[in-house]
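Shown next, in C-alpha cells, is the structure this report addresses.
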Amino acid sequence: MQSLSLSSSSAQFTATVRSNSGPTNSTAVTPNQLRFCGLRREALFNGCKSSSSSSSSSRLLCFKTTRASKVIAGLSANGNGNGATTKGYDYDLVIIGAGVGGHGAALHAVEKGLKTAIIEGDVVGGTCVNRGCVPSKALLAVSGRMRELQNEHHMKSFGLQVAAAGYDRQGVADHAENLATKIRNNLTNSLKSLGVDILTGVGSVVGPQKVKFGKAGDSETVITAKDIIIATGSVPFVPKGVEVDGKTVITSDHALKLETVPEWIVIVGSGYIGLEFSDVYTALGSEVTFVEALDQLMPGFDPEIGKLAQRVLINPRKIDYHTGVFATKITPAKEGNPVRIELIDAKTKEPKDTLEVDAALIATGRAPFTQGLGLENVNVETQRGFIPVDERMRVIDSKGELVPHLYCIGDANGKMMLAHAASAQGISVVEQVSGKDHVLNHLSIPAACFTHPEISMVGLTEPQAREKAEKEGFEISIAKTSFKANTKALAENEGDGIAKMIYRPDNGEILGVHIFGMHAADLIHEASNAIALGTRIQDIKYAVHAHPTLSEVIDELFKSAKVLAI
C-alpha cells in the first residue's frame, strides 16, 4: 500500500511505502513514474493520507508507480524482485494455472512483497488469451468493419461510396492468432520482469501446503508454499450425444482458428459465445441457425434488453432459430454427407426435427477444468466439477470445513465464469494472505457481449431485482435512456440502443444496469464502479460528463432516476 502527497509547486512526489515485513520507507519518485491507482476501495479509503490536510488547496490523490511491484519488491528483505520467503517454505504463494486469474494474482502478490511461483502446463494466458476473449475480439473487430462496409445505406448516410467489401479468410485468422500471441508474450514478460517463477508442467496438490509439478514422462518436483491458489480455468462443455471432430462439429476452441467459413452453420446455445460467433459468421457470409434449449433466445440477459437485442442482432440478419429444443445427437460430416442434428422437444422429449447443415458450433457453456488436481489429498470433493469455496475463495472440504491455506479462483469455482472476475478474485485472495480481510462483491462485476451493437450489464436483472425486493420488503424503480437522444451516437448513425437502470427509490441504491448499444462494453464501468463503491444515485447524478460523448447516455440515466432520499 502506498500513500503519496502532491504539491503543485514540486517536481517530485514523496511515496510512503508500507511493506508487510518491514518498516515504513519513503522514496522520491517523479511524476512520469506515476499513474492513478483507480477505484480500488482499499486504496481510496485506507491508502491515501494528505500531508497538508490543513490546507484548503490540498487535494487527496492516490497514485501508484507504474512499476509499483518492483518498488515494493526492492524494499523487501532480500531485494530480489520477488519478496522474501516466509521461513520454512519454498514460496509464500504458489498459483496453479497461469490464465488471467493466476496472472492477476501473481502480479498483486509481488506488489505485496510475496515470493511467488506460478505453474502452467500449457501456455501463459489460459483460455482467455489463447482460446477465448482475446482472439474472439480480433474476429469481432473484423466482423464489425465488414458489417459497416456492407451496409450501403449506412455508408451513403455519411456521403461515402464504398465498393463491394471482401475478406481473406486466412488473413482474418492470422489477425486473431497474432493478437493472442502478442498478448501471451506480454503476460509472460510481465511475470518474468517482476521475478515471478514460471514453473512449467502440470501442477497438483499433494498435501497441506504442498504442490507437485512436472511434464508428462518426466520426474515431478515437490515444492512447499504458505498459501496455494488453484486457478485452472475451464474447457468447452460438450453435451452427451455430440461428436466433435474439430472440422465440421466444433467448439469455440476450433472456431477461433477460422479454418473454414461454412455456408450454413448451426450454433447450439444462444448465450455470450453463441451470439458473438453469430455476429462473426453472418458478417462473413454464413447463414446461422440457433438451437436453444430454453423457450427464449439469450437466456441470462435482462428480458427487455434481450428482446431489443433480438430485433437488432438476429431478426434482420441471416439467422433463424429453434427454441425449446435439445440437440440430442450431432454427427459430423462424413463421406459426402452433411452434419446431421437430431432435435427433441425440451419438455416432452418427443422428436421435433432433423437438420442437415455444413457445420455445427457447440456453444453450450464451459465446464471447470479440475481433474487431476490431487484434491482427494486434502479431502475435497468437487460439485458438478466445481471446487467449493466460501465468499473469500477459501476451499471447503467434504465435511464442510475450510482447508487451511488453499484457495480457488475463476472458472474452477463457478462463482462467476469471467476472466476479469477470476483476476478480481485472485487479487482479493492475495489481500487476505497478506493480512487484510477482503470480500469481493460479485454484483459489482460487469459482463459484456461484444456483438455489433454491444450488450453489457452489471448487478441484477429486473426479474431478479423484483424477487429480491419482494423478499426483503422494498420497492424498485426503473430508469431508461435511449441512444437516439445522444449526439455522439447520432453522429455515428448508431442510434439503436437503450440503457436501463434498476434502483431503490427510497435510498438511491443501484441494483443493476443494462446497456444495449454502441460501445456498451465500455460504458458499463461507471455503473459497476458505483456499485462497488456503494455510491448512491443522488451523489453520482452530479458528476460531469464531457459533451458530446456516449458517456452522456449514462449521465442521463442517473439524472432521470427519481430518488426520495436527499
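Computed from a predicted model, the values in this text were never measured in an experiment.
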Applying side-chain contact (heavy atoms from CB on, under 4.5 Å) to S190 and H103, what does each step give before you reach the verdict? CA-CA 9 Å; S190 68; H103 177 268; 2.8 Å; yes
Show me, pair by pair, the donor-acceptor contacts under 3.5 angstrom made by side chains of residues 404-411, not counting sequence neighbours?
| unit_1 | atom_1 | unit_2 | atom_2 | d |
| --- | --- | --- | --- | --- |
| H405 | ND1 | K226 | O | 3.1 |
| H405 | ND1 | D227 | OD1 | 3.0 |
| D411 | OD2 | S234 | OG | 2.6 |

Heavy-atom pair of closest approach, residues [X] and [Y]:
{"X": "A521", "Y": "A448", "result": "CB-CB, 3.6 Å"}
{"X": "A527", "Y": "V458", "result": "CB-CG1, 4.1 Å"}
{"X": "P239", "Y": "T364", "result": "CD-OG1, 3.5 Å"}
{"X": "L294", "Y": "P299", "result": "CD1-CB, 3.4 Å"}
{"X": "G201", "Y": "I119", "result": "O-CG2, 3.3 Å"}
{"X": "Q383", "Y": "P388", "result": "NE2-CB, 3.9 Å"}

What distance separates [X] [atom1] from [Y] [atom2], expressed to the nearest 0.5 Å?
{"X": "I267", "Y": "I362", "atom1": "CD1", "atom2": "CD1", "value": "10.0 Å"}
{"X": "S423", "Y": "I445", "atom1": "OG", "atom2": "CD1", "value": "10.0 Å"}
{"X": "N130", "Y": "D253", "atom1": "CG", "atom2": "CG", "value": "10.0 Å"}
{"X": "L440", "Y": "M416", "atom1": "CG", "atom2": "CE", "value": "9.0 Å"}
{"X": "S456", "Y": "I524", "atom1": "OG", "atom2": "CD1", "value": "4.0 Å"}
{"X": "L179", "Y": "R184", "atom1": "CG", "atom2": "CZ", "value": "10.5 Å"}

For the residue pair [X] and [Y], establish whether any side-chain heavy-atom pair is separated by less than 4.5 Å.
{"X": "M457", "Y": "I515", "result": "no"}
{"X": "D92", "Y": "T116", "result": "no"}
{"X": "I223", "Y": "T221", "result": "yes"}
{"X": "I228", "Y": "V211", "result": "yes"}
{"X": "T224", "Y": "Y91", "result": "no"}
{"X": "I455", "Y": "I305", "result": "yes"}
{"X": "I502", "Y": "H514", "result": "yes"}
{"X": "E462", "Y": "K500", "result": "yes"}

[X]: what forms a salt bridge (Lys or Arg N to Asp or Glu O under 4.0 Å) with it, not counting sequence neighbours?
{"X": "D539", "value": "none"}
{"X": "K182", "value": "none"}
{"X": "K137", "value": "E276"}

Can you list the residues that meet the side chain to side chain contact (heavy atoms under 4.5 Å, CB included) rule with I198, with sequence neighbours excluded? I118, T188, L191, K192
One thing to verify: whether [Y] and [X] come together as a salt bridge, which I'm taking to mean a side-chain N less than 4.0 angstrom from a carboxylate O.
{"X": "D390", "Y": "R392", "answer": "no"}
{"X": "K112", "Y": "E431", "answer": "yes"}
{"X": "K115", "Y": "D197", "answer": "no"}

Side chain of [X], backbone of [Y]: donor and acceptor closer than 3.5 Å?
{"X": "E120", "Y": "A98", "value": "yes"}
{"X": "S528", "Y": "H525", "value": "yes"}
{"X": "H438", "Y": "I427", "value": "no"}
{"X": "T370", "Y": "G385", "value": "yes"}
{"X": "D397", "Y": "N379", "value": "no"}
{"X": "S428", "Y": "A424", "value": "no"}
{"X": "E470", "Y": "A465", "value": "no"}
{"X": "T232", "Y": "F369", "value": "yes"}

Let's go through T382 and L375 carefully: what are the C-alpha distance in whole Å and the side-chain angles of both, what is the deciding distance for side-chain contact (heavy atoms from CB on, under 4.5 Å) to 0.1 Å, and is it a yes or a no? CA-CA 8 Å; T382 60; L375 298 174; 3.7 Å; yes
F301 ring center near Y272 ring center (under 6.0 Å): yes
Would you check, one step at a time, whether the test side-chain hydrogen bond (donor to acceptor under 3.5 Å, both in side chains) holds for S434 with H108? CA-CA 10 Å; S434 299; H108 196 57; over 6 Å; no
Test side-chain hydrogen bond (donor to acceptor under 3.5 Å, both in side chains) applied to H254 and T251, step by step: CA-CA 5 Å; H254 308 107; T251 67; 3.2 Å; yes
Quick one: is the NZ or CZ of R366 closer than 6.0 Å to the six-membered ring centre of F237, and within 45° of its axis? no
Please check if any side-chain donor atom of [X] sits under 3.5 Å from a side-chain acceptor atom of [Y], or the reverse.
{"X": "S551", "Y": "H545", "result": "no"}
{"X": "Y503", "Y": "E509", "result": "no"}
{"X": "H442", "Y": "E391", "result": "no"}

Salt bridge (charged side-chain N to carboxylate O under 4.0 Å, His left out): which pairs involve residues 209-220, sequence neighbours left out? K212-E220
Check step by step if side-chain contact (heavy atoms from CB on, under 4.5 Å) holds for S136 and F450. CA-CA 9 Å; S136 67; F450 294 85; over 6 Å; no
Go through it in stages, so that I can follow the logic: the residues are Q425 and N413, the test is side-chain hydrogen bond (donor to acceptor under 3.5 Å, both in side chains), and I'd like the CA-CA distance, side-chain angles, deciding distance and then a yes or no. CA-CA 10 Å; Q425 290 172 1; N413 70 32; 3.1 Å; yes
Evaluate the side-chain contact (heavy atoms from CB on, under 4.5 Å) criterion for residues D279 and L139: first the C-alpha distance (whole Å), next the side-chain angles of each, then the deciding distance (0.1 Å), finally the verdict. CA-CA 9 Å; D279 196 288; L139 296 182; over 6 Å; no
